[in-house]
Student: 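Quick one: structure below, then a few questions.
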Amino acid sequence: MLDYITSYLRSDTTPGQAGNILWAVVYIFLIFAGLSVAVIAMNWLERKILAHMQVRLGPMRVGPHGLLQPIADALKLLIKEDIMPAEADKFVFWMAPLVVVMTAFTVFVVVPFGATHAVTDMNIGILFMVGVSSLSVLGIVMAGWASNSHYPLIGALRSSAQMVSYEIAMGLAVVSAILMTSLNSAGTGTLSMIGIVQAQQAQHVWFVFKFFPLGMIAFFIFAIAMVAETNRAPFDLPEAESELTAGFHTEYSGFRWSLFFLAEYSAMIAVSSIAVTLWLGGWLRPFSNSLTGDTWEMVFSLIPGLSFLAFAAMCFLGVFRMPKHRAFRMQTMGLAGFGVLLGGIGLLLFVPPVRYRVQDIFWFSAKVAISMYMYIWYRGTFPRYRFDQLMKVGWKVLLPLGIGVLVLTAGVGVL
Amino acid sequence: MQPVATTFFFYFLAALTLAGGVLVITRKNPVHSALALIIALLAQAGLYLMLYAPFVAGVQIILYAGGIMVLFLFVIMLVNLERSQREEQFNKQWLLGIIAATALGALFITIFVRGRAIFPVHIAAVAEESNTQEIGLMLYGNYMFTFEIASLLLLVAIIGAVVMAKKRI
Amino acid sequence: MSFYEETTIHKRMDATAGAAGSVKTIDRTSHLELDHHDKTFLDTNELVINMGPQHPATHGVLRVILKLDGEKVLGTECVIGYLHRGVEKIAEHRTYTMFNPYVDRMDYVAAVSNGLGYCEAVEKLLNVQAPPRANYIRVILTELNRLASHMLWLGTHALDIGAITPLFYTFRDREEILKIFEKYCGARLTTHAFRIGGCSYETYDGFEREVVNFVNFVTPKIDEYEELLTTNRIWVERTKGVGPITARECVALGVTGPVLRASGVKWDLRKAQPYAAYSDFDFDIPVGENGDTYDRYLVRMQEMRQSLRIIEQAVGKIPAGPIMAKVPKVIKPAVGEIYHSIEAPKGELGYFIVSDGSTQPYRIRVRPPSFVNLQALDMMVRGQLVADVIAVIGTLDIVLGEVDR
Amino acid sequence: MAPIATIHYLIVAAGLFVLGVTGVLTRRNVVIVLMSIELILNAVNLNLVAFSRIWGLHGQVFAIFVITDAAAEAAVGLGILIAFFRNKETVNVDEIDLLKW
Amino acid sequence: MIAKLKGQYGSGIHEASTYLGQNYMIVESAMIPEILQILRDEEQFDYCVDITTMHYPEQEKQFEIVWILYSFARNERIRVKTAIADGEEIPSAVPLWPAANWLEREVYDMFGIRFQGHPDMKRILLPDGWKGHPLRKDYGIIQQDRDWVQINLGIESGQ
Amino acid sequence: MFFLSYIWLIPLLPAAGAALMFFFGRSLQKKTVSAICVGSVALAFVMACGAVWQYTHYAQQVPGKAYERVLYTWIGTGDSNLNYVTRNGSPAPVQADVGFLIDPLSSIWLLFVTGVGLLILIYSTGYMAHEGGYYRFFGYLNLFMFSMLTLIMANNYLLMFVGWEGVGLCSYLLIGFYFHRPSASTAANKAFIVNRIGDAGFLLGMFTIAWYFGSLRLTAVSQLARSGHFRIGDPIITAATLLLFIGACGKSAQIPLYVWLPDAMEGPTPVSALIHAATMVTAGVYMVARSNALFVLAPGSMKTVAFVGAVTAIFAASIGLVQNDIKRVLAYSTVSQLGYMFMALGVGAFAAGVFHVFTHAFFKALLFLGSGSVIHALSGEQDMRNMGDLHRRIPITHWTMFIATFAIAGIPPFAGFFSKDEILWQAWSSEGGAYRLLWLIGFITALMTAFYMFRLMFLTFHGQPRMSHDVEHHIHESPKSMTIPLITLAICAICAGWLGWPHSLGGSNRFEQFVRPVFAKEAGVLQSEGAAGQVASGKKEEEHTNPLEYGLMALSVGAAIVGWGMAWRSYRYAAKGYNEPIAVKVPALYRLLYNKYYVDEGYDYAFTGRRKVLRTRLGVMGLGEGASWFDSHVIDALVNDAGGMTRLAGTLSSWWDKWVIDGLLVNGPAVLSRLLSYPVRLVQWGLVQWYALVMVVGLAGFIAYYAWH
């Protein structure tokens with residue numbers, strides 16, 4: 001039994017491939033939990049970051065610096081009355097958020113957090129990922145249609161048109177990245193997510209820098225298309241609050257609404273991980289070519305722990321800056337506790353076996369986090385596109401550009 | 001990736017497929033039909049996976065479930081008429097049609113049963129790992145010409161659809 | 001005064017609509033391509049959408065019924081009156097002095113302007129002149145109020161179009177204006193700053209300094225707003241060519257204020273018929289060219305700068321002296337009637353007062369700029385997209401308190 | 001239970017085919033008729049993929065072609081449908097009898 | 001200008017003078033369409049500022065309608081006034097100034113004066129089914145349409 | 001021989017600029033636009049200078065030998081079956097190359113087209129700086145440069161025609177540049193239509209030449225013409241040359257096709273300067289000069305050319321006397337000067353005519369650009385009645401324009417003096433009384449020219465200021481980009497004439513020596529045929545200078561000075577509401593001149609059909625209506641009567657047909673077959689699902705058949 005448990009830890013493949021059901025389930029559980037935490041954290045971070053961009057403080061009341069705000073929100077949503085419109089199509093209305101959430105979570109089956117840190121490694125991984133994430137539009141269309149109301153219907157129509165349009169540009173960018181994987185001596189490319197990262201490792205270059213500027217352009221096409229795919233500003237037309245009140249989820253409330261929320265954020269994380277995997281070297285640490293040798297390995301392996309310690313330090317700084325007043329005692333203690341938690345994690349990450357086991361995951365998550373920050377930044381900066389302009393960008397700019405990049409990549413690759 | 005519990009999954013997916021099919025042709029509301037069809041298609045993608053055809057399965061999901069069905073839903077919403085749901089759902093020849101279709105099905109089954117010997121029980125193992133690559137080689141090798149024709153067909157379909165659906169060219 | 005605007009208007013009007021003269025019907029299709037008539041081959045059915053009265057982008061309780069073809073607007077109808085309080089009826093049952101605070105409740109984001117218009121109208125009816133110092137204080141406060149109104153407009157307009165950040169910037173800076181108001185008269189929003197015959201309060205100590213500080217503080221902020229939006233590609237795409245209205249249509253529909261000026265008509269009551277102390281100051285009237293949403297945006301931004309110019313000049317040469325004219329304790333104007341109008345932030349705000357010689361006005365009619373401007377909505381959005389309706393409602397800068405009174 | 005062999009897949013495909021044919025022959029709503037056609041095509045695909053386990057990958061390649069075809073068919077069919085709907089305000093197939101002259 | 005108009009419509013123009021520097025003229029109600037047309041076309045009063053009404057219940061012709069016009073070219077205003085009796089109709093100014101549309105609707109809403117030829121003569125501020133015209137002098141300040149309030153709002157009184 | 005071998009780059013450079021403008025211009029900055037367009041033309045200018053310089057070396061071996069460079073055969077067949085046969089039965093391949101030709105004649109055009117064009121482009125960068133459609137404007141100008149260069153460098157008539165049409169198109173586009181202005185678009189249409197009439201003439205002439213000579217290549221045609229096979233006065237050559245001359249009339253604005261040129265002033269001023277004064281309008285002169293070998297074979301045509309030119313000259317000059325629009329005066333002056341040139345060509349003084357083209361290009365471009373500068377300074381005011389006293393405000397414009405005025409009036413030593421005097425002398429020295437009449441017309445025209453030009457100057461720059469207050473406030477000298485071309489052109493306007501300093505004044509007339517090889521042989525032909533007096537060849541002049549020549553010279557200078565004096569007297573102190581002396585003295589004549597002899601109205605009556613007397617249309621349309629009346633009342637009446645008879649017969653026959661033939665014999669079987677065919681109809685019910693059902697049943701049957709067999 002113990003052998004069965006530890007067998008995977010010694011293997012150099014993913015549990016799915018090894019046929020190790022136990023570890024696969026463990027991974028699934030970990031990903032689910034991690035994703036939920038990430039979404040909660042994103043909620044808090046988005047509000048804080050946006051607030052600081054807009055010269056205000058954001059949530060400050062629930063917990064120190066509003067740290068418990070997302071949990072309060074979640075509680076509020078859970079105990080809120082769940083309204084279903086009288087004329088709605090009950091079954092479809094009920095199904096829609098589930099479909100969206102399911103698709104958003106299913107894609108994480110193949111996301112490679114590390115060389116062995118994925119539930120499984122499909123040989124059609126990227127195809128699977130793009131395909132399944134495109135299914136989420138079904139959920140949105142179902143939600144819009146089932147609400148039996150005008151604004152959701154318009155939102156659903158917009159959403160389906162938008163996602164179908166941008167999927168093409170996205171697909172072209174993805175294909176050009178896949179082409180780059182086939183530049184080895186055997187000439188065999190791969191669709192496997194892990195294979196793609198390994199190809200970057202083997203070619204000693206992240207694909208974003210490959211065939212400069214082709215990789216870069218493909219990456220930017222994908223970066224724009226992924227914002228549109230996830231219905232985020234400035235492409236958030238399906239839920240444009242000033243036009244359609246809330247778009248396809250106008251009629252949703254309470255728990256169902258929170259499922260949409262969850263799905264939106266996990267979809268953002270999912271497409272970000274595609275981008276990271278395809279172009280930004282997945283779990284590979286930066287400068288793995290120029291800064292080599294044991295010493296540098298050592299230094300880079302310390303960074304995860306150090307960064308957590310830095311977070312902890314920030315917490316303690318906050319503790320010292322708290323007003324010294326009775327009313328703030330709980331808050332101060334809470335913040336200090338949080339700092340201790342972070343510091344503990346940081347220290348844990350210094351333990352050598354953990355350190356080497358986890359740094360892949362750290363680098364992957366750090367890259368995804370940067371991408372998520374970009375999402376927030378866009379939202380704080382850009383006005384919203386109009387629908388026809390959005391279509392114009394999709395069809396007249398990104399699509400030809402994508403085709404061009406694809407053709408050029410193929411050409412350069414052959415040469 | 002080895003399929004697990006093959007027998008169970010086969011019957012499960014086959015039942016899902018057929019149930020989806022039945023729902024497609026019996027639902028009043030076209031949206032429900034479409035959703036049932038999507039379920040059938042996804043179950044079928046599972047069957048493909050069991051047949052060691054992951055690429056086809058992927059294409060099935062991305063094109064059928066993600067593309068064509070969205071198109072269907074889109075159109076259904078555009079032309080959704082309450083009237084058509086209140087009206088008679090089956091046409092005048094429905095009895096005749098069912099009889100003919102059943103007869104056809106019966107014939108198929110008869111032939112399969114009679115010709116059972118042709119189909120081997122033991123299926124030759126196909127390398128799943130290189131499935132995508134081999135399909136790619138075939139598409140661009142043996143079936144080059146067909147592939148080109150398919151692309152032409154798609155082009156014509158695009159133009160045709162645009163011409164028909166656009167109000168003013 | 002030299003009225004050189006005359007030529008501009010007529011030239012433009014001729015250029016836009018051919019022969020001058022008959023304005024029998026506005027050519028509503030002049031700038032639109034309405035193709036819902038050709039039912040030749042294919043036609044989708046129309047969709048009627050009810051936008052508001054509770055909708056995030058209708059700035060209050062405006063209800064717009066939209067007739068759509070897909071996302072294209074075929075026509076609109078405004079339903080108003082949700083905020084109707086019968087201000088004109090109330091006026092008939094109050095004395096002139098008692099009615100003064102009520103006007104603040106109409107355009108509640110530009111309460112000072114409302115009060116100025118009312119006080120000046122009654123003064124005119126009484127044939128009284130407010131002393132110069134009072135006039136200067138009036139100008140300073142009114143222009144500050146114009147700034148506040150435009151800032152509020154900018155924030156909400158940008159929010160409508162999807163840029164959420166400017167809202168917070170403008171609210172931060174508007175706060176400084178409200179602080180000055182609060183220090184001056186104790187109220188922030190519905191100020192009731194002026195009295196018939198002048199001002200009721202002398203300026204507080206350091207008023208001038210604070211206003212100058214404010215001007216210095218806010219000038220770079222306006223640059224900051226412009227930096228965020230003026231050349232922002234998406235902003236320009238969202239506003240340029242959206243909701244266009246020509247000078248001729250503006251005049252025919254009685255549209256005034258920044259909307260009129262953005263269509264190229266250089267007409268501002270502060271210049272055309274100066275009131276208060278405006279003839280003492282040097283300022284420009286910004287005009288646009290295309291009369292689209294982008295031009296209206298630019299015009300209002302320029303107006304904010306011009307207001308700052310006026311404030312700076314006014315603070316610089318504010319005269320000493322009394323702040324109230326000699327006004328009888330009981331205001332009892334002679335029988336007669338008067339129409340007086342001022343340039344409010346939203347356009348021409350007029351008061352038509354009929355006196356029957358008693359202490360209460362026989363009739364007060366308010367000519368609200370928002371109400372008249374809102375009429376143009378239908379024409380401006382026809383043939384555009386739903387998203388443009390939002391942009392146009394935002395750019396018209398209506399306040400429902402004033403529309404409904 | 002018997003091990004799953006090709007014949008099982010064929011029987012599922014036959015069932016799907018019959019369902020599709022029934023839909024095509026009996027339903028009045030054009031949208032559902034089109035969806036039934038998709039069912040038929042899928043039945044064929046299932047056959048092709050099943051046979052490809054015996055006779056090599058050609059079946060899978062053809063399945064891909066069939067999917068391409070299905071996409072084209074759906075696009076054109078739905079285009080016609082929209083055009084028809086705009087003209088006649090109906091989606092009933094027995095009112096589409098313009099061929100009868 | 002006034003002199004010219006007087007020469008043309010001698011008896012139609014009852015009075016034309018200036019009060020507190022503001023011009024106005026009182027016109028026979030039958031003359032209104034012609035006078036307005038001339039003011040717009042020949043005297044360049046191209047901007048209709050406002051249309052409103054006063055109610056004098058003790059007079060025989062109860063309502064006095066006022067058109068406030070402005071000319072961009074001349075930079076001056078003029079008020080045209082006329083008196084009509086209750087129930088009498090007056091031609092609409094919408095063909096002359098589209099701006100008159102809502103203004104006339106408001107006059108109708110508040111005073112119950114109907115304008116002939118108006119494209120869409122219905123209430124604007126008050127609800128469509130409301131009874132009574134609140135700015136008439138005989139309409140009390142706290143008066144309301146009780147039936148409407150009870151039926152539509154489900155409450156006893158709106159006050 | 002670098003430049004000569006790459007002469008095809010000269011037209012191609014502006015073409016590339018134009019293409020860039022049309023494809024990408026919208027998104028380019030104004031600076032980039034000017035850089036590309038001016039740069040490409042400047043490069044072309046440099047290339048042209050180089051090419052001419054190298055050509056002089058090239059021609060030193062064989063004087064006058066043309067340099068030809070054929071790029072490729074454009075239209076041509078090696079297939080003898082498709083070849084077509086000339087008049088004398090010999091097969092001639094239809095061939096036209098894309099090839100370029102450099103000889104003295106085209107060198108001159110090449111130099112001033114690129115040179116003046118470059119200056120005007122530079123000027124335009126200043127003039128058009130605040131206009132919309134900047135890139136469009138420069139694109140058109142570059143396209144024009146390309147077309148004009150193609151025209152003058154073409155080595156055959158067909159390619160020349162390409163350029164010819166190209167400049168016509170560009171002229172149309174540029175006149176209508178302010179297309180939102182109805183007057184501009186009308187003017188553009190007018191120019192285009194009138195030019196089309198001329199082009200038709202050119203085309204026909206070209207066909208005639210192709211048929212008669214079997215070639216379109218310029219060198220080949222002149223060689224053939226000079227070979228002596230054709231007798232002088234050959235009717236077909238006369239016809240061909242007359243047709244060509246019609247084309248020249250259209251392009252160079254001669255009576256009766258001159259009407260478009262004054263209206264062409266609707267375009268931007270640089271366009272007027274470049275196209276409608278300096279370059280394009282001389283294309284007709286170029287074409288006639290280029291075809292000189294043909295023209296000398298047709299004395300009738302020569303006379304026509306001379307008289308049309310002379311009449312145009314005096315006619316346009318007389319209109320110019322009273323016009324008030326500054327650009328319009330210059331436009332009529334252009335027409336008049338073009339008339340001069342044609343007169344010179346007509347009397348056989350080809351060199352003199354070309355010389356006048358050369359000098360005219362400089363001073364007329366200068367005048368137009370100066371007027372543009374004036375208009376620019378006056379914020380768009382063009383009416384001279386509203387100008388005055390500008391000489392202190394815009395001195396550079398004033399002085400440069402004065403130089404040009406001296407030049408055009410023919411006051412020595414400015415350029416115009418030499419060329420004009422040469423023309424007059426040649427006209428005088430041609431034999432015959434009729435030619436003396438030409439001289440007289442020319443002389444009077446010179447007087448008028450001096451008068452109206454100085455009138456223009458005094459009204460514009462002197463007298464009392466008459467502009468409105470606002471305008472006066474804004475008067476300013478133009479930017480450097482505009483004044484520098486003005487100054488450059490002024491220098492040219494002074495010096496260009498010195499190239500042709502006549503022998504009689506001790507010069508060497510280098511200009512004529514340069515171009516002589518092109519024309520010299522004609523002199524020989526004429527002399528050999530006994531018409532020696534028609535051409536005063538350079539050689540003859542070298543030998544002896546007639547004392548009479550000095551007298552004529554003095555006379556023409558006198559005329560210029562008299563014109564100056566008259567203008568001085570009349571307009572020196574022009575204040576607001578000044579009097580036109582002609583209007584005071586002879587009001588009828590004034591009205592006639594002011595309304596341009598009512599020619600436009602006449603054309604309107606005669607050709608457009610817009611005008612009617614009572615209900616009858618006039619002119620060509622009237623003829624058509626008359627014919628139509630005849631057709632509908634006389635011919636149709638006859639036809640209708642015949643028709644009535646037929647109908648009667650038809651009624652009877654139809655009764656028979658309907659009841660007996662159709663009813664019984666035809667429909668009977670049809671009804672029967674319908675009854676019989678009902679079962680078959682089931683197959684074609686029109687319901688798709690029915691078809692599908694049938695298909696399924698068929699399929700089932702098929703499978704069943706194979707399953708049990």
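Chain A is the first sequence line, chain B the second, and so forth, proteins listed ahead of strands; every chain is numbered from 1. Because the structure is predicted, anything quoted here is derived from the model rather than measured.
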Student: Quick check on L135(E) against chain C: is it the side chain, the backbone, both or neither that has a heavy atom closer than 4.5 Å?
Tutor: both
Student: Report yes if the side chains of M110(E) and R365(C) come closer than 4.5 Å at any heavy-atom pair, otherwise no.
Tutor: no
Student: Given a strict heavy-atom distance threshold of 4.5 Å, which part of L83(C) is in contact with chain E: side chain, backbone, both, or neither?
Tutor: neither
Student: Is the number of heavy atoms from other residues, nucleotides or ligands under 6.0 Å of Q59(E) CD greater than 12?
Tutor: yes
Student: What's the shortest heavy-atom distance between R79(E) and F352(C), and which atoms?
Tutor: CD-CE1, 3.5 Å
Student: What do you reckon, is CD of Q116(E) surrounded by more than 12 foreign heavy atoms closer than 6.0 Å?
Tutor: yes
Student: Under 3.5 Å, is there a donor-acceptor pair linking the side chains of W267(C) and Y70(E)?
Tutor: yes
Student: Are side-chain heavy atoms of I124(E) and F371(C) found at a separation under 4.5 Å?
Tutor: yes
Student: Could you report the tightest heavy-atom contact between R136(E) and K89(C), atom names first, then the distance?
Tutor: O-NZ, 2.8 Å
Student: Locate the shortest heavy-atom distance separating S341(C) from R77(E); write the atom from each residue and the value.
Tutor: OG-NH2, 2.8 Å
Student: With a 4.5 Å cut-off on side-chain heavy atoms, are T52(E) and R363(C) touching?
Tutor: yes
Student: Test your reading of the model: is there a side-chain donor-acceptor pair from Y362(C) to the backbone of H55(E), 3.5 Å cut-off?
Tutor: yes
Student: Would you name the heavy atoms of P98(E) and A252(C) that are closest together and state the gap between them?
Tutor: CD-O, 3.3 Å
Student: What part of E348(C) gets closer than 4.5 Å to chain E, counting heavy atoms only: side chain, backbone, both or neither?
Tutor: side chain
Student: Might you point out which heavy atoms bring V49(E) and R367(C) nearest each other, and give the distance in Å?
Tutor: O-NE, 2.9 Å
Student: Heavy atoms only: give me the nearest L125(E)-V403(C) pair and the separation to one decimal.
Tutor: CD2-O, 4.1 Å
Student: Counting only non-hydrogen atoms closer than 4.5 Å, does L269(C) touch chain E with its backbone (N, CA, C, O), its side chain (CB onward), both, or neither?
Tutor: side chain
Student: Could you look at I68(E) and say if it's the side chain, the backbone, both or neither that has a heavy atom under 4.5 Å from chain C?
Tutor: side chain
Student: Checking heavy atoms, do the side chain of I51(E), its backbone, both or neither come under 4.5 Å from chain C?
Tutor: backbone
Student: When you check the gap from the basic side-chain N to the acidic O, do K81(E) and E337(C) get nearer than 4.0 Å?
Tutor: yes
